[in-house]
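Quick caveat: nothing in here was measured; it's all calculated off a predicted structure. Just the heavy atoms: all of them, side chains too, but no hydrogens, waters or symmetry mates, feed the values below.
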Amino acid sequence: MEGIYQKLRNLDAYPKINEDFYSRTLSGGLITLISSILMLFLFFSEFSLYLHAVTETKLLVDTTRGQTLRINFDITFPAIRCSLLSVDAIDISGEQHHDIRHDITKKRINAHGDVIEVRQDGIGAPKIDKPLQKHGGRLEHNEEYCGSCFGAEMSDDHCCNSCDEVREAYRKKGWALTNMDLIDQCIREGFVQMIKDEEGEGCNINGSLEVNRVAGNFHFVPGKSFHQSNFQLLDLLDMQKESYNISHRINRLAFGDYFPGVVNPLDGTQLMHETPNGVQQFFIKVVPTIYTDIRGRTVHSNQYSVTEHFTKSESMRLDSLPGVYFIYDFSPIKVTFKEEHTSFLHFMTSICAIIGGIFTIAGIVDSFIYHGRRAIKKKIEIGKFG
């Protein structure tokens, strides 16, 4: 048994030295104090990292399909009134959304940016049909306008081209005009009056769109209802056709839900244009992103990169409408972020490396100083007695 004990003693990697042979120095004490403080500092630093989560990032091929994309936006047009502004969306599958009103709010703002009115019913002007003719049909191309008097005509060639003329015709007949909401001319002039009342105002639009998860675009276009009606309503009602200043500020534009660390490059972007009309285009590459926090909660969202281009009115195509266009496409690569804690074994390994490494380096430094001082002392003694 004694032989076994002796063999174990021979395996001892930590041989003990008799205290009589210890030599403690002032430099050794200072090095010990400094190294201990450094060990404590690095220990608490590593412990702090252990308590906090680290984010692991991976790039994967995006194999998802059949989903929808939620676009959140908040954009201010300081020189376009709300009643003339509409938002449309279209994708490569052919699905179109015209004059979207769902989940969108518009705010009338004055020249100082103060909110005048908030409308929860959405954005965009109502669709303006062709004017109703006396014969019951709608105004055709190059046809002279002769509005219906809704049964109150005095003769075969009697036309009522305004709401006042319809009211006068009814008065002459001795009839009561009880429901002006059904009179075509009154509907039009009421809308035009609303446009006149908003003169000099701007508009803030915020909300969200739910679209197919395929390439497409959405855009904000002023006066679209008039342009699509195949007649000049503004000329018909003795109003002058406008030029639109599409200067705007993008307060927020996000594709999907928020997650920690997301950066939307268009947030806070302001583009002011000196010339009227023009087309502002943003070409956006959407990167699908999955974020998983430390509790396992997963957020499916998107990041994006963007480039922009502005076309002046004189360079626009004849069939192009002035406005702000967001053209988006999807990246085939998906990014995943996952929050994780450092494992306890990794933490212990780091602590052991800190203690062992500093202890070893401190020992080397102390030994170098100790032997250096002894060598200098020895040379002095040799010189003194030599």
Interatomic spacing from CD1 in I290 to OG1 in T336 - rounded to 0.5 Å: 7.0 Å
Nearest-0.5 Å distance, OG1 of residue T298 to CG of residue D293: 7.5 Å
Do [X] and [Y] come within less than 4.5 Å of each other through their side chains, counting heavy atoms only?
X: Y291; Y: P260; value: yes
X: P288; Y: R213; value: yes
X: K106; Y: E117; value: no
X: L271; Y: E308; value: yes
X: N204; Y: I75; value: no
X: K107; Y: N206; value: yes
X: F220; Y: I80; value: no
X: E198; Y: C82; value: yes

Under a 3.5 Å distance rule, please check whether [X] uses its side chain to pair with a backbone N or O of [Y] as donor and acceptor.
X: D88; Y: H219; answer: no
X: S367; Y: G363; answer: no
X: S45; Y: F41; answer: no
X: N277; Y: Y244; answer: yes

Atom NE2 of H346: over 12 foreign heavy atoms under 6.0 Å: no
Which label fits [X] and [Y]: parallel for a plane angle under 30°, tilted from 30 to 60°, or perpendicular past 60°?
X: Y304; Y: F255; value: perpendicular
X: H273; Y: H248; value: tilted
X: F218; Y: F326; value: parallel

Option among D62, V287, T289 that satisfies the side-chain contact (heavy atoms from CB on, under 4.5 Å) test with S331: V287
Verify same cluster id: [X], [Y] (apolar side-chain graph, 4.5 Å):
X: Y328; Y: V306; answer: yes
X: V166; Y: W175; answer: yes
X: F44; Y: M348; answer: yes
X: V299; Y: V335; answer: yes

CA sep, side-chain torsions, deciding dist, call: V87, I205, side chain to side chain contact (heavy atoms under 4.5 Å, CB included): CA-CA 10 Å; V87 57; I205 303 172; 5.8 Å; no
Steps toward side chain to side chain contact (heavy atoms under 4.5 Å, CB included) verdict (I104, L209): CA-CA 8 Å; I104 292 176; L209 307 176; 3.8 Å; yes
Distance SG-SG for C159, C149 less than 2.5 Å: no
Intermediate values then yes/no, side chain to side chain contact (heavy atoms under 4.5 Å, CB included), I71 and L253: CA-CA 7 Å; I71 305 172; L253 180 66; 4.1 Å; yes
Side chain to side chain contact (heavy atoms under 4.5 Å, CB included) evaluation trace for Y325 with V221: CA-CA 8 Å; Y325 294 75; V221 181; 3.9 Å; yes
